[in-house]
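In what follows, every chain begins at residue 1, and chains take the letters A, B, ... in the order their sequences are listed.
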Amino acid sequence: MIKLSDLHLGVLTALLSAALLFYSWNFASIPGQAYGAGTLPRLLGYAGILLGCIMILQGLAGGREQWRAHMAEWVRSPRSVAGVVSIVGVIVFYILFSAVLGFVPTAVIVMLIPMLILRVNPLLAIAVAVVMAFVVRYAFGQLLLVPLPRSPFLPILG
Amino acid sequence: MGILEQSFALVFEPYTLLVILLAACFGMFVGCIPGLSATMATALLVPITFFMEPVPAIAVIVTATAMIIFAGDIPAALLRMPGTPASAAYVEETFRMTKSGRADDALGAALVFSAIGGIFGSLVLMSVAPTLADIALRFSSDEYFWLVLLGLSCAVFVSPGSPAKGFISLLIGLFVATIGMGNPAGVPRFTFGNVELMGGISLIPAMVGLFAVSEVLRSVVTKAPSLETAQNVRGGIFRTQWHNLNVYPVQAVRGSVVGTLIGALPGAGADIAAWISYAISKRFSKNREKFGTGHVEGVVEAGAANNSAVSGAWIPALVFGIPGDSITAIVIGVLYVKGLNPGPTIFINDPASVYAIFITFIVANLIMLPLGWLAIRCAKPLLSVPRNVLMPTILIFCIVGAFAINNTVFGVSIMLVFGILGFWMEENDIPVAPAILGLVLGPMLEQNFISTMIKHDGQILGFFERPIAAGLGVVTIIVWFFPLILMALSRARGDESRAP
């Protein structure tokens, strides 16, 4: 993860605000009025451009250090990077596969992979993941009646 | 049956008392785990509250947050690692007391004065909120516009870090609030053809992402605390508290008052209240040199402040629908779902539920004493829960919680995006609280701004025509220029001191 300086944040804010201003330019108004869907986004765009410019000026006054972007400390640790990637990865996995696999198998994978990457004893990790998947399934699916995805080929596991 | 009797009946029914007890235990557990914040716990509780009646649902959040803010003091005193940011202000003090064999005094003071602060804040909430609501009934869009803008401005200037970064955060929140069809013209905005975005960004998955998922991500890149200094507290934690109360009554009251006021300020929560109260305590203490060496005075004042801030934050949330901190920002979402729409009319439409919420505050702060005692006695096993097991487990609760809002995986996608956004913001020292306030208050700001513009034919001066609106407008503008005023004053003082 890159840590941005005030100068970088200023440039990013100004550019994104300009894009917001451009995109919201043609939003419809309330019939018969000068105001409408575009009013607030346009004001946000102007405010963002102004803020970005102030941050750029402050950044430029801050010297050469402001031009450099720094990597976060944790990026140097492969285990930390793997941990972050695994957390994001398992959420994406849940989004893509929970409807196909069903809740319990997906939930077990969602908990198990980060635990293994974070060096939890594999037996403990499997036990916790399986037990918690069933506990969550029962608490939310049975007691709170949340329609958690059911597995078409593992009806018992749900 | 009178309103008060109805309220007592709502709180003292077995189901509500049971959920209060469970929420208290949950709060104690979460507070003891460094890295799990009160806001994160609230976000995780929301999906469960969906399936409860309004009063128990709110009671769960009220009780859990009160407990968490106190329980954060336990790892702070025993491990020098605040369980929540609200305990950070006096972590050095309580840890040094532990090192010198006075852990029982430190934790006892934290517990007793947290309860005192919490009850004080609750009493202020009970007495001030209905009066303010009476005044707020006369408000029109002009007053609400300025009130929202004042809240957002305060959130930018009181958030930790530079105001510029606070402003970036606010712009992010306001932009996200513009997504969807909920706008004055009723046309799709920033939906890019996606049908699910037409309804806007759901608040709860966004909150779960910003607070819980980002916390899970942070936990995998930070080291777990060492338990070397952790020990079970054997002494009687209440033994020295009568003495503390007799020696530091002014500090207890001052901490409670300052905490309630800061809590009521939008954007400023328990953590800021604790820092300011600790600084005030040090500034006015006769034993200033003892601060930082294991002196209980600052713990008394800041401990009372952080819990009273939790209650204080509910004043603007209930009366105006403007959250006092990130916890009440989530609570406002829950109130709407439960049909308890925040605003002055809630005191007319459903007074029994409102007074039941008030009673819950008192109950929560009272049961904090025995449960807090229990949590302190069992501190070591609570602190020993491995984070590498806990965090992936929390992740599945986040996913199910985000899913349960609309029963679609789109909520999980929103949670993921906001989780990464929250993690990135914290990594770049951009505070999250202004974004949350922007997200919650964005629709209210837009609606009142457009109504007022139409009402006054686009004349900006029209925003100052009504007396209360003019007063709020002037205060808002003073807040905007406050840093410049401070800068000019300090420069003038510098010139004076240099003058021969």
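The side-chain heavy atoms of T39(A) and E446(B), taken from C-beta on, include no pair separated by under 4.5 Å. Counting only heavy atoms from C-beta outward, the side chains of F449(B) and L43(A) approach each other to under 4.5 Å. Counting heavy atoms from C-beta outward, M115(A) and T393(B) have side chains that approach closer than 4.5 Å. A heavy-atom distance below 4.5 Å is found between the side chains of V146(A) and F51(B). Annotation: side chain of I91(A) is in contact with side chain of V213(B) (closest heavy-atom distance under 4.5 Å). Between F167(B) and L50(A) the shortest side-chain heavy-atom distance does not fall below 4.5 Å. Put simply, the side chain of I168(B) reaches to within 4.5 Å of the side chain of M55(A), judged on heavy atoms. Annotation: side chain of P41(A) is in contact with side chain of R189(B) (closest heavy-atom distance under 4.5 Å).
Counting heavy atoms of neighbouring residues, nucleotides and ligands inside a 6.0 Å radius, atom CD of Q142(A) exceeds 12 of them. When the shell of 6.0 Å around CD of E427(B) is examined, it contains more than 12 heavy atoms from other residues, nucleotides or ligands.
Considering only heavy-atom pairs separated by less than 4.5 Å from chain A, the leading option among I396(B), I420(B), V412(B) is I396(B). When each of L445(B), I450(B), I454(B), L171(B) is checked for heavy-atom pairs under 4.5 Å with chain A, I454(B) comes out on top. Chosen from P386(B), P392(B), S219(B), the residue pairing most often with chain A at heavy-atom distances under 4.5 Å is P392(B). With respect to chain B, the highest number of heavy-atom pairs below 4.5 Å among A28(A), A107(A), G83(A), P147(A) belongs to P147(A). When each of L16(A), L4(A), T106(A), T13(A) is checked for heavy-atom pairs under 4.5 Å with chain B, L4(A) comes out on top. In terms of heavy-atom pairs under 4.5 angstrom with chain A, the leader among T178(B), V187(B), L217(B) is L217(B). Chain A forms more heavy-atom pairs under 4.5 Å with one residue of V409(B), I399(B), N388(B) than with any other, namely N388(B).
Rounded to the nearest 0.5 Å, atoms CG (L44(A)) and CD1 (I172(B)) are 11.5 Å apart. Rounding to the nearest 0.5 angstrom, the gap separating the CZ atom in F140(A) from the CZ atom in F403(B) is 11.5 Å. Atom CD1 of I394(B) sits about 12.0 Å away from atom CE of M111(A), to the nearest 0.5 Å.
Centroid-to-centroid, the aromatic rings of F190(B) and F27(A) come within less than 6.0 Å.
Closest approach of Y35(A) and G458(B) over heavy atoms only: OH-CA, 2.9 Å. For the pair G36(A) and P184(B), the tightest heavy-atom approach, listed with the atom from each and the gap, is O-CG, 4.1 Å.
Contacts between L124(A) and chain B at a heavy-atom distance below 4.5 Å involve the side chain alone, from C-beta outward. At a 4.5 Å heavy-atom cutoff, S86(A) makes no contact with chain B through either its backbone or its side chain. With a 4.5 Å cut-off on non-hydrogen atoms, M181(B) does not touch chain A at all. With a 4.5 angstrom heavy-atom cutoff, L51(A) touches chain B only via side-chain atoms. Only the side chain of V128(A) comes within contact range of chain B, with heavy atoms under 4.5 Å apart. When heavy atoms are compared at a cutoff of 4.5 Å, R119(A) approaches chain B solely by way of its backbone atoms N, CA, C and O.
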Quick one: do V220(B) and I117(A) satisfy side chain to side chain contact (heavy atoms under 4.5 Å, CB included)? Show the steps, please.
CA-CA 10 Å; V220(B) 299; I117(A) 287 174; over 6 Å; no
D429(B) vs K3(A), test: side chain to side chain contact (heavy atoms under 4.5 Å, CB included). Steps then yes/no.
CA-CA 9 Å; D429(B) 303 320; K3(A) 287 196 170 189; 5.6 Å; no
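N183(B) contributes no side-chain N or O that, together with a main-chain N or O of A37(A), makes up a donor-acceptor pair within less than 3.5 Å.
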